[in-house]
Amino acid sequence: MMNVSPSRAAAAAATVTVVLWASAFVSIRSAGAAYSPGALALGRLLAGALTLGAICLVRREGWPPRAAWRGIAISGLLWFGFYMVALNWGEQQVDAGTAALVVNVGPLLIALLGARLLGDPMPPRLLAGMAVSFAGAVTVGLSMSGGGGSSVFGVVLCLLAAVAYASGVVAQKPALGRASALQVTTFGCLVGALVCLPFTGQLFHEAARAPLPATLNMVYLGVFPTALAFTTWAYALSRTTASRMGATTYAVPALVVLMSWLALGEVPGTVTLVGGALCLAGVAVSRSRPHRRTSRTAREEPRPERVP
């Protein structure tokens with residue numbers, strides 16, 4: 001069996017996360033037509049928690065260490081719980097262009113909070129790549145908005161969702177140094193489900209009337225974009241900085257364009273394709289590393305003798 005380097009494993013995990021999170025937008029369109037924001041978030045989190053709990057039992061993961069619970073609780077409250085409800089609700093109030101503009105502030109906030117609270121480096125390539133990707137994300141959103149209206153309340157909800165997302169990621173990073181990616185994701189999802197329990201009545205009421213495809217899409221959201229993708233995200237995050245991982249998510253809008261084209265038959269226009277290309281180009285720049293050049297003189301310079 002071939003050995004995979006940690007860097008390649010982390011890159012593969014990040015790729016799985018981005019692809020599954022992009023597929024979530026297609027499923028949310030179906031499920032969101034039959035389920036209210038809170039009920040959809042609760043159903044998704046319950047499906048994710050059951051899946052993750054079963055995997056933990058099989059792997060005998062056990063409870064996370066006490067030192068990891070602070071980060072798990074904060075990320076579960078803000079990212080798994082509040083973020084999902086606020087985003088579902090906000091996207092019902094604003095057009096896609098406004099949502100793309102506001103929600104994609106999240107990776108920029110991750111970079112700022114990561115630098116401030118975690119000491120993450122801010123290399124010029126990362127900043128340049130994020131700027132290019134953000135411009136691409138806004139371009140994609142505006143080109144696919146359809147000219148819908150926006151409300152101040154919806155903009156506030158999307159902004160709060162972006163802040164909760166960024167804060168949850170930064171809180172999750174230290175916890176991953178004390179517990180496994182599976183533990184952090186499982187118990188974060190459980191915390192999020194507990195936060196959303198007030199929507200239990202809505203979930204049962206709407207599930208009784210919802211068409212089967214909508215319910216299946218809600219279950220899909222819980223099993224794959226939540227249980228699997230959040231775990232691969234945590235695995236990759238534990239092996240790189242929060243800022244770099246946040247920049248990686250800018251590939252999501254480009255993949256959403258492609259999936260909408262293949263799954264929904266929505267043929268993208270030229271402006272949309274340009275925006276998608278900018279997103280991918282920015283991610284490539286943000287994840288690139290400067291070439292190290294070692295001069296011949298430096299290589300041939302003798303090492304100083306060690307002082308006894």
Side-chain angles (χ1 to χ4, degrees), residues 14 17-18 21 24 37-38 41-42 44-45 48-49 64 67-91 94 98-122 126-127 130 133-134 137 153-179 181 183-196 198 225-226 229-250 252 286:
T17 298
V18 168
W21 281 356
L42 176 59
R44 175 179 178 176
L45 289 168
W69 268 105
R70 182 173 181 271
I72 292 173
I74 294 175
S75 64
L77 171 66
L78 295 179
W79 194 11
F80 287 86
F82 183 84
Y83 166 79
M84 290 192 181
V85 176
L87 183 61
N88 291 342
W89 196 359
E91 288 192 351
V94 302
T98 303
L101 173 62
V102 179
V103 173
N104 278 295
V105 172
L108 299 176
L109 294 176
I110 291 175
L112 295 174
L113 291 175
R116 177 71 175 176
L117 302 177
L118 303 177
D120 286 352
M122 298 283 284
L126 175 62
L127 296 176
M130 294 183 75
S133 290
F134 180 72
F153 181 60
V155 171
V156 171
L157 284 171
C158 289
L159 181 59
L160 290 175
V163 173
Y165 158 51
S167 302
V169 170
V170 174
Q172 187 186 62
K173 175 65 175 175
L176 291 168
R178 299 173 175 87
Q183 288 175 323
V184 171
T185 305
T186 300
F187 288 91
C189 190
L190 283 172
V191 171
L194 290 174
V195 171
C196 293
T226 302
F230 273 76
T231 302
T232 52
W233 163 277
Y235 175 85
L237 179 61
S238 66
R239 287 158 175 79
T240 186
T241 65
S243 304
R244 193 173 294 275
M245 278 301 294
T248 304
T249 62
Y250 274 125
V252 170
S286 66

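For the atom pair OG of Ser243 and CG of Leu109, the computed distance is 11.0 Å after rounding to the nearest 0.5 Å. The distance from atom CG of Leu77 to atom CD1 of Ile72, rounded to the nearest 0.5 Å, is 13.5 Å.
Scanning for side chain to side chain donor-acceptor pair (under 3.5 Å) contacts around Thr226 gives Arg44, with sequence neighbours left out. In this structure Leu160 satisfies the side chain to side chain contact (heavy atoms under 4.5 Å, CB included) test together with Phe82, Val156, sequence neighbours excluded. Every residue two or more places apart in sequence or in another chain that forms a ring pair (Phe, Tyr, Trp, His ring centres under 6.0 Å) with Phe187 is listed here: Trp63, Trp69.
Between Cys189 and Phe230 the shortest side-chain heavy-atom distance does not fall below 4.5 Å. With a 4.5 Å cut-off on side-chain heavy atoms, Phe80 and Thr185 count as touching. Inter-residue side-chain proximity for Pro174 and Leu118 is flagged as met; some heavy-atom pair is nearer than 4.5 Å.
Across Ile74 and Ala171, no two heavy atoms sit closer than the pair CG2-CB, 3.5 Å. The heavy-atom pair separating Ser167 from Leu78 by the smallest distance is CB-CD1, 3.7 Å. In plain terms, the two heavy atoms of Asn88 and Pro37 that are nearest each other are ND2-O, 3.3 Å. Across every non-hydrogen atom of Leu126 and Ala247, the tightest pair is CD1-CB, 3.8 Å.
Between the side chain of Lys173 and the backbone N or O of Leu237, at least one donor-acceptor pair lies under 3.5 Å. The backbone N or O of Gln183 sits nowhere less than 3.5 Å from a side-chain atom of Thr186 that would complete a donor-acceptor pair.
Shown here is Trp89, whose CH2 atom has no more than 12 heavy atoms of other residues, nucleotides or ligands within 6.0 Å.
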Note to self: Please determine whether side-chain contact (heavy atoms from CB on, under 4.5 Å) holds for the pair Val169 and Met245, giving the CA-CA distance in whole Å, both sets of side-chain angles, and the decisive distance to 0.1 Å.
What the structure shows: CA-CA 9 Å; Val169 170; Met245 278 301 294; over 6 Å; no

Checklist line | Test side-chain contact (heavy atoms from CB on, under 4.5 Å) applied to Trp233 and Thr249, step by step | finding: CA-CA 10 Å; Trp233 163 277; Thr249 62; 3.5 Å; yes

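Between Trp21 and Trp79, the ring-plane angle classifies as perpendicular under the 30° and 60° cut-offs.
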